[in-house]
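Worksheet: one structure, shown below.
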Amino acid sequence: VRAREPAADRARGLVERMAAGDRAALEELYTRESAALFAYVRLFTAERELAEEIVQDTFVAVWRGASGFAGRASVRSWLFAIARRRAADALRRPRLRVVPEDAAAFAELPSSAPSPEDLAIAAATRQELKDALGRMNPIHREALELTFAYGLSYQELAEVLGIPLGTVKSRLNHAKRALRVLMADAADEAERTDR
Amino acid sequence: MTIERDPSEWPRLRRAPSDADEHVRDLLPSYVNGTLEPVEFGRVSEHLARCAGCRAALRSWEAIGTAVRSSAVASAGVRDRLLDRVMGEIEPTASAEMASVPTSRPSPSSLPPLPATDDDPEGAFAAPQSIAAIPFGLEPLAADWHPEPPEKGWPLIAEVVAAAIVLLIVVGVFLVYR
């Protein structure tokens, strides 16, 4: 957590400079974050041109909204939240939503024994996992990518996704469970093909 | 020493897990990505040392994290020209406009709070409507903010000096050729 603080302070400084009209600060922020934002937006659209437009719109919105950045959230979660809304606008969907999640329905009973789901995922090859990720619902994959590819904390995830902290945890667990189901489906498919 | 629970104890643990057996699976993604607070990190590490179930969950999250990172990197990559498009859109006449921005511009923290929306209850992520509606993004950000008036004194002095020099030249020429 502490290692992230200098980078976070630097990013806040960039936004403050942008608020004062410093274009070089925008260029630096673009250099730091555009690849991550682009990869994130590609979760929602396979069209490269559209993804580029969304990223472009995001940085323009960031420039124009820099003065309104209050610093309550991290710069990164602010960027992702704007990109998410721009993606939703571009895709003409009012909001990016997953099926209603009931945290209680996915809560695991406490157990000191390894679950079959965990054992199967841990034993899977990286390619098996990547194949399953490629078929995953974008909303579940979004939660996994924001966590592991972009290193967002639970609080930052809640801010980007616009959901409570408890739902962040259940969404991640839901995503893991969906991953396991997709892996099992792929195994069944392969078995049918072999017959 | 690591103590593994006997599977026959599962039902009892499910009914009434003690504090010592409070599992940490919900925290494992943030444990893996390094965003867990130090105090929580210590508690999770301690629990992992004695809980095979949570260790298995940790290994599954680590595998997922590795796969996600390798997938995300493979799809990354933005064309450089996109930066040119962004810079071109924000402000075509940036140098002239920026030169007129006074240093007394209000800081972000002094601005009024932004309107709240459904997915942004504190308004932290909302772009101010007044900004979005005005081109170039260098407009005044508060209703009572105005640019400093341009200095008048220096150009007036310059004009007087120039007039005096011209007058001296004319008088000199007149005296020479008289």
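Letters go in sequence order (proteins before strands), and every chain restarts at 1. These numbers were taken from a predicted model, which means no experiment stands behind them.
- The hydrophobic cluster containing Leu168(B) does not contain Val171(B), counting ILVMFWY residues as joined when their side-chain heavy atoms lie under 4.5 angstrom apart, directly or transitively.
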Full working for side-chain contact (heavy atoms from CB on, under 4.5 Å) between Tyr150(A) and Val68(B): CA-CA 10 Å; Tyr150(A) 309 122; Val68(B) 167; over 6 Å; no

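- Ser60(B) has its side chain out of reach of Arg180(A): every pair of non-hydrogen atoms, C-beta onward, lies at least 4.5 Å apart.
- To the nearest 0.5 Å, the span separating CG on Asp26(B) from CG on Leu172(A) amounts to 9.0 Å.
- Ranked by heavy-atom pairs under 4.5 Å with chain B, the first of Lys169(A), Gln155(A), Gln56(A) is Gln56(A).
- Residue Ile169(B) is grouped with residue Val161(B) when hydrophobic side chains (ILVMFWY) are merged at heavy-atom distances under 4.5 angstrom, including chains of intermediate members.
- For the pair Ala149(A) and Arg69(B), the tightest heavy-atom approach, listed with the atom from each and the gap, is CA-CG, 4.0 Å.
- In this structure, Leu27(B) CG and Tyr154(A) OH are separated by 6.0 Å, a value rounded to the nearest 0.5 Å.
- Linking ILVMFWY side-chain heavy atoms closer than 4.5 Å, directly or via other members, places Val173(B) and Leu167(B) in two distinct hydrophobic clusters.
- Leu165(A) and Leu157(A) fall within a single hydrophobic cluster, where Ile, Leu, Val, Met, Phe, Trp and Tyr side chains are chained together by heavy-atom contacts under 4.5 Å.
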Would Tyr30(A) and Leu82(B) count as a side-chain contact (heavy atoms from CB on, under 4.5 Å) here? Give the steps. CA-CA 10 Å; Tyr30(A) 176 92; Leu82(B) 192 56; 3.3 Å; yes

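- The two residues Ala63(B) and Ala122(A) make their nearest non-hydrogen contact at CB-CA, 4.5 Å.
- By number of non-hydrogen pairs under 4.5 angstrom with chain B, the leading residue of Leu129(A), Thr31(A), Val62(A), Thr58(A) is Leu129(A).
- Using a 4.5 Å cut-off on side-chain heavy atoms (C-beta onward), Arg59(B) and Asp118(A) make no contact.
- Taking the side chain as every heavy atom from C-beta outward, Leu144(A) and Trp61(B) approach each other to under 4.5 Å.
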Under the side-chain contact (heavy atoms from CB on, under 4.5 Å) criterion, do Glu53(A) and Arg85(B) qualify, and how do the steps go? CA-CA 10 Å; Glu53(A) 281 179 24; Arg85(B) 278 162 40 185; 4.3 Å; yes

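- Although no hydrogens or angles enter the test, the distance criterion places a donor-acceptor pair under 3.5 Å between the side chain of Asn33(B) and the main chain of Leu152(A).
- Using a 4.5 Å cut-off between heavy atoms, Leu58(B) does not touch chain A at all.
- Side-chain heavy atoms closer than 4.5 Å link hydrophobic residues (I, L, V, M, F, W, Y) into clusters, and following such links, possibly through other members, connects Tyr40(A) to Leu91(A).
- Rounding to the nearest 0.5 Å gives a distance of 4.0 Å between CD1 of Ile64(B) and CD1 of Ile121(A).
- Minimum interatomic distance between Arg126(A) and Ser70(B) (heavy atoms only, all atoms of both residues): CD-OG, 3.8 Å.
- Note that OG of Ser153(A) is 8.5 Å distant from CD of Glu37(B), once rounded to the nearest 0.5 Å.
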Worked check of side-chain contact (heavy atoms from CB on, under 4.5 Å) between Met87(B) and Leu26(A): CA-CA 8 Å; Met87(B) 302 309 285; Leu26(A) 176 62; 3.8 Å; yes

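- Here the closest non-hydrogen pair linking Ala67(B) and Lys130(A) is O-CG, 3.9 Å.
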